[in-house]
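Each remark here refers to the structure printed beneath this line.
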Amino acid sequence: MNNESAADPRRAEKYDLHCHSTASDGALSPSQLVERAAMQGVTALSLTDHDTVNGLTEASVAAAKADIRLIPGIEISTTWENKCFHIVGLNIDPDNPALNAGIKELQTIRSSRARRIAEKLAAKKVSGAYEAIVENAGSNMITRFHFADFLLQQKIVTTHQQAFDKYLAKGKPAYVSTSWATMNDAVDWIKQSGGVAVLAHPLRYKLSGSWLKRTLSAFKEAGGVGIEVITGQSSRDDIIRSAHLARRFDLYASVGSDFHTPSNQWLELGRFPDLPNHCQPIWTLL
Ligand code: AMP
Ligand code: MN
Ligand code: MN
Ligand code: MN
């Protein structure tokens with residue numbers, strides 16, 4: 001018999017501190033996501049939708065029912081030195097005014113970017129993308145993933161990857177260069193709302209070693225305290241490399257799947273190896 005509950009300190013926790021719901025570009029509703037996490041044995045989950053906290057109320061109701069801990073989170077899009085970086089905020093207060101003012105700015109940026117992407121697609125004879133996406137997305141955050149979905153539905157491409165490779169990725173015809181929040185602002189909003197700032201998937205930016213080090217210095221300088229050492233797609237070498245960076249820059253280590261959809265059979269909520277021994281787990285701060 002298992003008498004352990006979410007509040008039981010004896011329970012061995014299984015964390016997943018990065019995933020997406022329909023509030024941004026995930027396929028599952030916040031409740032479906034929480035239920036799936038519970039099925040996978042996750043005991044502490046952070047929902048971190050792109051630039052929105054809209055899914056958190058529903059997720060926390062579902063988490064109470066499923067007896068798992070929900071850590072309120074967000075993944076904020078930032079621009080530093082003309083490059084885009086994602087900063088995860090963990091344990092944020094979704095009602096914080098500074099955070100919400102920041103989210104509002106990002107919502108405006110996202111919606112005007114979406115119109116421009118649609119214009120660029122129209123120039124390539126793909127019309128109606130913006131209207132179709134807004135109709136489905138409602139008040140949820142529109143991402144490039146929604147455009148990839150649209151291109152797939154219209155049978156203009158056969159996979160999401162092809163949508164990025166042919167139209168949406170940097171250097172492709174429908175790419176729109178965007179100025180997101182500054183790294184300093186994003187970390188400030190997270191801190192002001194009581195949260196901790198974590199640099200998401202540090203190896204996915206395809207930076208040289210020296211750029212990566214510059215980025216981590218700037219992130220620390222801005223008040224960031226953690227980096228993701230394990231993400232859903234990390235190889236063994238990636239984990240060793242990221243853990244090394246965490247130690248070198250005195251940053252806490254986070255683990256997050258970056259789960260978006262059950263249709264990606266290679267990536268599941270909460271499916272990770274253990275953190276390397278020398279890492280300081282970020283959950284000691286949560
Ligand atoms: P955005 O923040 O609007 O630029 O959208 C980024 C989202 O699009 C990411 O969170 C991924 O879900 C998805 N994405 C970005 N690049 C790719 C890619 N090359 N292939 C597939 N999905 C991608
Ligand atoms: Mn995404
Ligand atoms: Mn990301
Ligand atoms: Mn993500």
Side-chain angles (χ1 to χ4, degrees), residues 1-76 86 88-96 99-100 103 107 136-141 143 145-146 149 190 193-196 198 200 226 228 230-232 254-275 281-286:
M1 194 167 74
N2 185 356
N3 284 325
E4 295 178 356
S5 76
D8 187 338
R10 293 165 304 172
R11 181 167 82 172
E13 298 284 10
K14 182 162 167 183
Y15 291 88
D16 189 333
L17 301 176
H18 184 155
C19 63
H20 297 272
S21 75
T22 46
S24 64
D25 56 357
L28 302 182
S29 69
S31 351
Q32 289 170 329
L33 188 78
V34 167
E35 283 154 22
R36 189 180 182 95
M39 290 281 291
Q40 296 297 327
V42 171
T43 61
L45 179 76
S46 188
L47 173 60
T48 56
D49 274 307
H50 295 285
D51 307 316
T52 181
V53 292
N54 278 356
L56 295 177
T57 306
E58 183 184 321
S60 70
V61 173
K65 274 197 200 135
D67 191 28
I68 77 175
R69 179 175 168 212
L70 183 84
I71 296 159
I74 189 167
E75 181 175 17
I76 301 183
H86 286 174
V88 163
L90 298 175
N91 228 0
I92 50 155
D93 168 9
D95 296 324
N96 179 268
L99 178 65
N100 279 281
I103 288 173
Q107 196 144 29
N136 279 330
S139 65
N140 296 331
M141 280 292 179
T143 72
F145 199 77
H146 294 91
D149 256 347
I190 291 166
S193 75
V196 294
V198 174
E228 288 181 348
I230 306 183
T231 80
S254 188
V255 300
S257 60
D258 205 1
F259 179 91
H260 283 74
T261 170
S263 62
N264 178 354
Q265 64 189 97
W266 307 111
L267 204 152
E268 186 50 82
L269 287 158
R271 196 190 284 163
F272 312 110
D274 288 338
L275 274 176
I282 190 95
W283 44 86
T284 57
L285 304 179
L286 301 176

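Just so it is clear, the model here is predicted, and its values are computed rather than measured.
For F259, there are no ring pair (Phe, Tyr, Trp, His ring centres under 6.0 Å) partners, not counting sequence neighbours. With sequence neighbours left out, D258 forms a side chain to side chain donor-acceptor pair (under 3.5 Å) with H18, H20, R204. Every residue two or more places apart in sequence or in another chain that forms a salt bridge (Lys or Arg N to Asp or Glu O under 4.0 Å) with D51 is listed here: R110. When the side chain to side chain contact (heavy atoms under 4.5 Å, CB included) test is applied to N136, no partner is found at least two apart in sequence or on another chain. Applying the side chain to side chain donor-acceptor pair (under 3.5 Å) test to S139 and every residue at least two apart in sequence or in another chain returns nothing. F272 meets the ring pair (Phe, Tyr, Trp, His ring centres under 6.0 Å) test with no other residue; sequence neighbours excluded. With sequence neighbours excluded, the residues that form a side chain to side chain donor-acceptor pair (under 3.5 Å) with S31 are E58. Under the side chain to side chain contact (heavy atoms under 4.5 Å, CB included) criterion, D93 pairs with D95, N96, S193, not counting sequence neighbours. Partners of N54 under the side chain to side chain donor-acceptor pair (under 3.5 Å) rule, at least two apart in sequence or in another chain, do not exist in this structure.
Within the structure, ring pair (Phe, Tyr, Trp, His ring centres under 6.0 Å) pairs that include any residue of residues 53-75 do not occur (at least two apart or interchain). Residue pairs meeting the salt bridge (charged side-chain N to carboxylate O under 4.0 Å, His left out) criterion with at least one member in residues 24-39, sequence neighbours excluded, are R36-E268.
The distance from atom CD of E75 to atom CG of L47, rounded to the nearest 0.5 Å, is 11.0 Å. The CG atom of N91 sits 10.0 Å away from the CG atom of L70 when rounded to the nearest 0.5 Å. Considering CH2 of W266 and CZ of R271, their distance stands at 10.0 Å, rounded to 0.5 Å.
In terms of heavy atoms, L33 sits closest to C19 at CD2-SG, 3.4 Å. Here the shortest heavy-atom pairing between A66 and A38 reads CB-CB, 4.0 Å. Across all non-hydrogen atoms, the minimal contact from V88 to L17 is CG1-O, 4.1 Å. Across L90 and S254, no two heavy atoms sit closer than the pair CD1-OG, 4.2 Å. Summarising the geometry of L56 relative to G73, their closest heavy-atom pair is CD1-O, 3.7 Å, with the distance given to 0.1 Å. Residues I71 and A44 approach most closely at CD1-CB, 4.2 Å, considering heavy atoms.
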- Task: Give the C-alpha distance, both sets of side-chain angles, the deciding distance and a yes or no for side-chain contact (heavy atoms from CB on, under 4.5 Å) between N140 and H146.
- Result: CA-CA 11 Å; N140 296 331; H146 294 91; 5.6 Å; no

- Go through L45 and Q40 one step at a time and tell me if the side-chain contact (heavy atoms from CB on, under 4.5 Å) criterion holds. CA-CA 11 Å; L45 179 76; Q40 296 297 327; over 6 Å; no

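At least one donor-acceptor pair under 3.5 Å links the side chain of D16 to the backbone N or O of S257. Between the T22 side chain and the A27 main chain, no donor and acceptor come within less than 3.5 Å of each other. Judged purely by atom type and a 3.5 angstrom limit, S46 has no side-chain atom pairing as donor or acceptor with the backbone of T48. When atom types are taken as modelled, the side chain of S24 and the backbone of H50 share a donor-acceptor pair closer than 3.5 angstrom. T43 places a side-chain N or O within donor-acceptor distance of the main-chain N or O of K14, the cut-off being under 3.5 Å.
Side chain to side chain, T261 and S263 meet the donor-acceptor criterion of an N or O pair below 3.5 Å.
You'll find the side chain of V53 stays beyond 4.5 Å of the side chain of P72, heavy atoms only.
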